[in-house]
Amino acid sequence: MLRDLLIDSELFNELREKALDREEGENSLEEVELLEKTVFQRLKKKRSVKKYKKLGVNKRDLKEIIELADILGLDAIGGPSNYELAKEHQEWCNICGRCCRESESIFIHRDEVNILLNFNPGLEKEIIRNKLYPEHYELKDIQPCKFIDPETNRCSMYNSRPQVCRSYPLVLVESNGKAKNIINLRHLCNYSVHLVLEKSIILFDEAIRKLKENR
Ligand code: SF4
Ligand code: SF4
């Protein structure tokens with residue numbers, strides 16, 4: 001019920017299906033559901049259903065709001081974009097190092113190769129053609145990436161690391177001819193969980209505002 005105040009249900013289903021299709025392999029449905037469960041446990045502490053019971057709000061509403069937060073950039077409703085939220089809250093990354101140990105590919109755009117090599121001359125031996133997009137490059141021998149310090153989880157070329165590493169857990173994708181930052185939905189990535197949680201809180205509050213307005 002709450003989510004319908006923010007988006008048409010048919011449009012939501014279409015967007016969700018597209019998002020999950022696109023993320024197939026990366027954000028498997030199982031992984032997305034695990035993230036949603038984790039966010040739900042936290043959201044119900046921030047926005048108690050009891051408090052809004054008289055308005056007809058229930059747990060299902062919280063779950064539906066989270067599903068929307070997974071796929072909708074808040075800039076669509078006049079709020080901050082995924083990029084703006086992530087940039088404001090770098091403390092959400094707890095430096096667990098999972099992204100540096102588990103990423104299947106560390107993509108390097110052909111336009112950033114020269115800059116990367118200027119700062120890290122030894123990197124030449126560590127870069128190979130990208131398997132999916134041969135006009136671009138990627139780091140070789142990852143999982144784990146050899147630039148992560150096993151003790152501290154810090155990157156040894158942090159100040160000049162590839163763009164994908166700077167953006168994580170956001171991933172740049174093409175959507176309707178436009179570049180868009182989507183969240184890599186990983187339940188064990190604290191940054192990703194917090195991003196979805198924060199968006200869910202904003203969406204929940206906006207839906208409640210509309211609900212009260214319509215009464
Ligand atoms: S971005 Fe996520 S997975 Fe990577 S170090 Fe930070 S919290 Fe861990
Ligand atoms: S280059 Fe640095 S930030 Fe990127 S995956 Fe490797 S250790 Fe992590």
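Excluded from the calculations below are hydrogen atoms, water molecules and symmetry mates; all remaining heavy atoms, backbone and side chain alike, are included. All residue numbers refer to positions in the sequence shown, counting from 1. Counting starts at 1 for both ligands and their atoms, in listed order.
Between Arg101 and Asn153, the side chains place a donor N or O and an acceptor N or O closer than 3.5 Å (distance only, hydrogens not considered).
Taking every heavy atom of Asn94 and a limit of under 4.0 angstrom, the matching atoms of ligand 1 come to 7 (S), 8 (Fe). In summary, the atoms of ligand 2 found under 4.0 Å from a heavy atom of Met157, numbered by their order in the structure, are 1 (S). Interface of Asn190 with ligand 1, defined as ligand atoms under 4.0 Å from a residue heavy atom, comprises 7 (S).
No donor-acceptor pair under 3.5 Å is formed between the side chain of Asn190 and the backbone N or O of Asn94.
In this structure, Arg161 is not positioned above the aromatic face of Phe147 in the sense of NZ or CZ being under 6.0 Å from the six-membered ring centre and within 45° of the axis.
Smallest separation of non-hydrogen atoms from Arg98 and Leu188: NH1-O, 3.4 Å. Looking at every heavy atom in both residues, Leu72 comes nearest to Ala76 through CD1-CB, 4.0 Å. Nearest heavy atoms, Ile208 versus Val57: CD1-CG2, 3.9 Å.
Looking at atom 6 (Fe) of ligand 1, its nearest protein heavy atom turns out to be Cys93 SG, 2.4 Å. Shortest contact from atom 1 (S) of ligand 1 to any protein heavy atom: Tyr168 CD2, 3.6 Å. When only non-hydrogen protein atoms are considered, atom 8 (Fe) of ligand 1 lies nearest to Cys96 SG, 2.3 Å.
At a cut-off of 2.8 Å, Cys189 does not coordinate atom 8 (Fe) of ligand 1 through any N, O or S atom.
Listed by chain and residue number, the protein N/O/S atoms under 2.8 Å of atom 8 (Fe) of ligand 2 are Cys100 SG, with waters left out.
When non-hydrogen atoms are compared, ligand 2 lies under 4.0 Å from neither the backbone nor the side chain of Lys146.
Other residues, nucleotides and ligands contribute more than 12 heavy atoms inside 6.0 Å of the NZ atom of Lys44.
Remark: Glu67 does not engage Lys63 in a salt bridge, criterion side-chain N to carboxylate O under 4.0 Å.
Leu172 and Leu132 are members of different hydrophobic clusters when ILVMFWY side chains are connected at heavy-atom separations under 4.5 Å.
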